[in-house]
Amino acid sequence: MWESEEAKRSLIKAARSTDAAARASRDKAMRMLQAMAQRAENRVPMWKDDTGVRAVLISVAKLTDPGDRAARVSAVSTLWNLAGEPANKKSMWLDLRVRTALTEAATLSSPEDAKVKAAAVAVLCCMSAEDANREAMWRDEGARTAVVQASLSTDPSNAQLRERALAVLLDLSSKRENAESIWEDVHGAR
C-alpha cells in the first residue's frame with residue numbers, strides 16, 4: 001500500500017482531519033500509519049515525507065483534547081516505529097517540531113495520558129541510541145526534564161517507563177562530554 005500515491009494521499013488526508021465528527025476516520029488512519037511504520041522498508045520513506053506523514057504525525061502528536069487521545073497515542077507510537085530505523089534517528093532528533101511534541105508528551109502527568117507518555121519516552125530511548133544525538137539530548141532542557149522526571153517515577157505501574165528513561169540516561173552518560181554534567185545533576189539524574 002505504501003507504494004500507491006493515491007492510497008497515501010487518502011490516508012494522510014483522513015489523518016489530517018481536525019473535525020470532531022471525523023475522529024473515528026482519523027483514528028483509523030492513524031492506526032494504519034502506525035501499522036505501516038512497523039514495516040522496516042517503510043520507515044525511511046515515511047519519515048522523509050516531510051509535508052505528508054511527518055507533518056501529520058507532529059500535528060496529531062501535539063493534540064491535547066481528551067477526545068484526541070487515541071490518535072495522539074498512535075502518532076507518537078508511529079514516531080517510535082520510525083525512530084527504530086537507524087537512518088532516521090539523527091534527523092528525527094534534529095527536527096525541533098518532533099522534539100517539542102515528544103518532550104511535551106513525555107511530561108504529561110494525567111494517568112489517562114500514560115500510554116502517550118510511555119511512547120514518547122520510548123522514542124527518546126530510540127534516539128539516544130544514536131551516538132550523534134547524545135550530547136545534544138542531554139543539553140536539551142525539555143528532553144532532560146522529561147527523561148529525569150520519568151526516571152524518578154516510583155509508581156509500580158510505570159516500571160517500563162522508568163526503565164526506558166534510565167536506559168536513556170545510561171546512553172547519554174556514555175558520551176564523555178555529558179558524564180560530568182549528569183553526575184553533577186544532584187536534583188535529577190544523579
Side-chain angles (χ1 to χ4, degrees), residues 2 8 11-18 26-27 29-65 68-109 113-151 161 164-165 167-169 171-172 175 178:
W2 197 248
K8 275 194 279 191
L11 191 59
I12 290 168
K13 182 180 178 183
R16 272 198 174 111
S17 176
T18 56
R26 191 223 22 235
D27 291 353
M30 291 307 302
R31 285 193 304 274
M32 287 182 72
L33 285 173
Q34 184 180 352
M36 294 170 99
Q38 290 176 348
R39 296 186 59 143
E41 65 270 16
N42 291 339
R43 292 176 185 158
V44 171
M46 287 178 79
W47 173 247
K48 286 185 175 182
D49 185 6
D50 187 39
T51 59
V53 175
R54 189 187 313 187
V56 165
L57 294 176
I58 293 166
S59 67
V60 175
K62 295 180 110 185
L63 295 175
T64 57
D65 187 279
D68 296 322
R69 197 169 274 127
R72 189 176 194 189
V73 169
S74 290
V76 176
S77 295
T78 303
L79 289 169
W80 182 9
N81 289 339
L82 298 178
E85 171 59 45
N88 291 342
K89 293 176 191 292
K90 185 175 180 183
S91 61
M92 286 182 77
W93 173 256
L94 292 174
D95 190 315
L96 179 60
R97 301 166 304 163
V98 171
R99 232 176 25 240
T100 302
L102 291 174
T103 56
E104 287 172 2
T107 55
L108 293 170
S109 57
D113 291 317
K115 285 183 181 179
V116 73
K117 180 176 184 164
V121 172
V123 178
L124 293 172
C125 189
C126 284
M127 287 195 246
S128 73
E130 171 60 50
D131 185 66
N133 291 342
R134 292 177 181 161
E135 186 174 358
M137 285 183 80
W138 177 249
R139 296 197 188 292
D140 183 271
E141 186 175 342
R144 184 177 59 249
T145 299
V147 170
V148 169
Q149 181 185 59
S151 73
L161 171 75
R164 286 187 180 129
V168 173
L169 290 173
D171 282 343
L172 300 183
K175 190 75 169 174
N178 292 342

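These numbers come from the heavy atoms of this one structure, side chains and all, not from hydrogens, waters or symmetry mates. Here the structure is a predicted model, which means the values were calculated and not measured. In this chain, residues are counted from 1 in sequence order.
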Under the criterion side chain to side chain contact (heavy atoms under 4.5 Å, CB included), I'd like the reasoning laid out for Val98 against Trp93: C-alpha separation, chi angles, the key distance, then a yes or no. CA-CA 7 Å; Val98 171; Trp93 173 256; over 6 Å; no
Checking Val147 against Val121 for the side chain to side chain contact (heavy atoms under 4.5 Å, CB included) test, could you report, in this order, the C-alpha distance in whole Å, the side-chain angles of both residues, the deciding distance, and whether it holds? CA-CA 7 Å; Val147 170; Val121 172; 5.6 Å; no
Take Val116 and Arg69 through the side chain to side chain contact (heavy atoms under 4.5 Å, CB included) test and state the conclusion after the steps. CA-CA 8 Å; Val116 73; Arg69 197 169 274 127; 5.8 Å; no
Test side chain to side chain contact (heavy atoms under 4.5 Å, CB included) applied to Met127 and Leu102, step by step: CA-CA 11 Å; Met127 287 195 246; Leu102 291 174; 3.1 Å; yes
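In terms of heavy-atom proximity, Ser128 sits nearest to Arg134 at O-NE, 2.8 Å. The two residues Thr107 and Glu104 come nearest to each other via the heavy atoms OG1-O, 3.1 Å. Nearest heavy atoms, Ala101 versus Ala61: CB-CB, 4.1 Å. Contact record, Lys117 with Ala106: CE-O, 3.2 Å, taken as the closest heavy-atom pair. Closest approach of Ala118 to Leu161, counting heavy atoms only: CA-CD1, 3.9 Å. Across Arg164 and Cys125, no two heavy atoms sit closer than the pair O-SG, 3.9 Å.
Remark: the backbone N or O of Trp47 is not paired with any side-chain donor or acceptor of Asn88 at under 3.5 angstrom. Judged purely by atom type and a 3.5 angstrom limit, Thr145 has no side-chain atom pairing as donor or acceptor with the backbone of Gly142.
Atom CG of Asp49 sits about 5.0 Å away from atom CD1 of Ile12, to the nearest 0.5 Å. Distance CD/Glu141 to CZ/Arg144: 5.5 Å, rounded to 0.5 Å. Distance check: Leu172 CG to Asn133 CG gives 9.5 Å after rounding to the nearest 0.5 Å. Asn42 CG to Glu85 CD: the interatomic distance, rounded to the nearest 0.5 Å, is 10.5 Å. Residue Arg31 holds its CZ atom at 12.0 Å from OG of Ser77, rounded to the nearest 0.5 Å. Taking CE from Met32 and CG from Leu11, the interatomic distance works out to 5.0 Å, rounded to the nearest 0.5 Å.
The shortest side-chain heavy-atom distance between Met137 and Asp171 does not fall under the 4.5 Å cut-off. Counting heavy atoms from C-beta outward, Met46 and Asn81 have side chains that stay 4.5 Å or more apart. Put simply, the side chain of Val60 does not reach to within 4.5 Å of the side chain of Thr78, judged on heavy atoms.
In the displayed structure, Lys62 atom NZ is contacted under 6.0 Å by more than 12 heavy atoms of other residues, nucleotides or ligands.
Every residue meeting the side chain to side chain contact (heavy atoms under 4.5 Å, CB included) condition with Asp68, not counting sequence neighbours, appears here in chain and number order: Arg23, Arg26, Leu63, Asp65. Remark: Ala15 engages Ala29, Met30, Leu33, Val56 in a side chain to side chain contact (heavy atoms under 4.5 Å, CB included) (not counting sequence neighbours).
Ion pairing between a basic and an acidic side chain is recognised when a charged N comes within 4.0 Å of a carboxylate O; Asp95 and Arg54 show such pairing.
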